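A short write-up of the structure that comes next.
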Amino acid sequence: MSAAPYITCRELITFLGDYLAGELPPAQNHEFERHLAVCASCVQYIATYQETIRMAKTAMTAPELRIEDVPEDLVRAILASI
Amino acid sequence: MISESSPRADDAALVAKLRSGDSGAFEQLVRRDTPRLLRVARRFFDSEEDARDAVQDAFVAAFRSIGDFESSALLSTWLHRIVINACLMKLRSRRRKPEEDIEQYLPRFLEDGHQVESSAAWNESAETALQRAETCNIVRAAIARLPESYRVVLTLRDIEELTTDEVAQMLGTTPNAVKIRLHRGRQALRTLLDPHMRGKK
């Protein structure tokens, strides 16, 4: 098998979504892994990209955003509008 | 076997009452689900009034279309989709605010394909950082800065956890367009959080 040139950081980052979703064809997936074996910057990019997704979910669904009480005025407005 | 107290069994009883025009059942549904649906709507709007209007629109739509509810679904899932659609309709109907160009927050590359600036590790995990209210607020403010078409896709996929196909259908676009917008939205959000998480405030 010939040693094809590594994909670039640009290619890796552009198609990162497909890579993380496991949607790349096996040959391309292999190229991603070859790149990641030698590129610390892209490894960090992926780690921080995944942290970003976790942070968005956690910050937007944090317990302090929960509403414990039923907003009575809104309930009345809804019941009046149907 | 589904026990009598399962959500599906509870739903079936409630749906039967709703379909028979039982106003008490509708009030029960409104009281049960308003807090949860309002929490969803607040993720789409800065203004509390807009979020409340969307929840009201959603219940009106639900009441009109209770006949379409399929008993194989959960009432809570069905209402979740309805409130999201109400939010999307409301967003579409109003004039968009001027927005920042997302390009400036996407990674930049040299001619040889390397990143202009190498990516570095963050100082702490998301979990640790988010224990501080300040970080939660920074993340929320960063999401609010994303251009609307990216923010909406990121919210639908990463926060509401709808599938790519569901989002494409709701937005009247292709799954591929959803994937591209999601990736760009996440990249921009990562760029906005990077200085804070690297300790370079």
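These figures come from a predicted structure and were not determined experimentally. All chains are named by letter (A, B, ...) in the order of the sequence lines, taking the proteins before the strands, and each is independently numbered beginning at 1.
If you tally non-hydrogen atom pairs under 4.5 Å between each of B:Q115, B:R157, B:E127 and chain A, the highest count goes to B:Q115. Contact tally against chain B (heavy-atom pairs below 4.5 Å) for A:T48, A:I82, A:V43: the top residue is A:T48. Chain B forms more heavy-atom pairs under 4.5 Å with one residue of A:T58, A:V75, A:V70 than with any other, namely A:V75. Between chain A and the residues B:E27, B:R31, B:H114, the largest count of heavy-atom pairs under 4.5 Å involves B:R31. Of all the listed residues (B:I159, B:T135, B:V55, B:T155), the one sharing the greatest number of non-hydrogen pairs under 4.5 Å with chain A is B:I159. Chain B forms the most heavy-atom pairs under 4.5 Å with one residue out of A:R54, A:M55, A:Q50, A:E72, and that residue is A:M55. Taking chain B as the reference chain and counting heavy-atom pairs below 4.5 Å, the highest number among A:G17, A:P71, A:A62, A:C9 is found for A:C9.
Proximity to chain B (any heavy atom under 4.5 Å) is shown, for A:E11, by neither the backbone nor the side chain. Using a 4.5 Å cut-off between heavy atoms, A:L12 does not touch chain B at all. Proximity to chain A (any heavy atom under 4.5 Å) is shown, for B:F109, by both the backbone and the side chain. For a residue to count as touching a neighbouring chain, one of its non-hydrogen atoms must lie under 4.5 Å from one of that chain's; by this rule B:S125 touches chain A with backbone and side chain alike. The part of B:D112 that comes within reach of chain A is its backbone (N, CA, C, O), which places non-hydrogen atoms under 4.5 angstrom from that chain. In this structure, chain A has a heavy atom under 4.5 Å from the side chain of B:L130, while its backbone stays farther away. Looking at B:S118, both its backbone and its side chain come within 4.5 Å of chain A, counting heavy atoms on both sides. Proximity to chain A is absent for every atom of B:I180, based on heavy atoms less than 4.5 angstrom apart. Only the side chain of B:L193 comes within contact range of chain A, with heavy atoms under 4.5 Å apart. Proximity to chain B (any heavy atom under 4.5 Å) is shown, for A:A56, by both the backbone and the side chain. A:I78 touches chain B through backbone and side chain together, each having a heavy atom under 4.5 Å away. Both the backbone and the side chain of B:A121 come within less than 4.5 Å of a heavy atom of chain A.
Salt bridge status for B:R43 with B:E160: present, with a side-chain N to carboxylate O gap under 4.0 Å. Contact check on A:K57 versus B:E161 returns a salt bridge, with a Lys/Arg side-chain nitrogen under 4.0 Å from an Asp/Glu carboxylate oxygen. By the 4.0 Å N-to-carboxylate-O rule, B:E103 lies too far from B:R108 to be salt-bridged with it. A salt bridge does not link B:R52 to B:E49: none of the charged side-chain nitrogens sits closer than 4.0 Å to a carboxylate oxygen. A salt bridge links B:R132 to B:E124: at least one charged side-chain nitrogen sits closer than 4.0 Å to a carboxylate oxygen.
With hydrogens and angles disregarded, no donor-acceptor distance shorter than 3.5 Å links the side chain of B:Q187 to the backbone of B:L106. The backbone N or O of A:A59 lies less than 3.5 Å from a partner atom in the side chain of B:R140, making a donor-acceptor pair.
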Determine, stepwise, if the pair A:D73 / A:R76 fulfils salt bridge (charged side-chain N to carboxylate O under 4.0 Å, His left out). CA-CA 5 Å; A:D73 52 338; A:R76 274 199 301 273; over 6 Å; no
Are A:T52 and B:R186 close enough, and set up right, to give a side-chain hydrogen bond (donor to acceptor under 3.5 Å, both in side chains), and what steps lead you there? CA-CA 7 Å; A:T52 299; B:R186 287 168 168 177; over 6 Å; no
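Among B:T34, B:V15, B:I66, B:L14, the single residue meeting the side chain to side chain contact (heavy atoms under 4.5 Å, CB included) criterion with B:L29 is B:L14.
Counted within 6.0 Å of CD on B:Q169, heavy atoms from surrounding residues, nucleotides or ligands total 12 or fewer; the atom is thus considered open.
A donor-acceptor contact under 3.5 angstrom links the side chains of B:H183 and A:Y49, judged on distance only.
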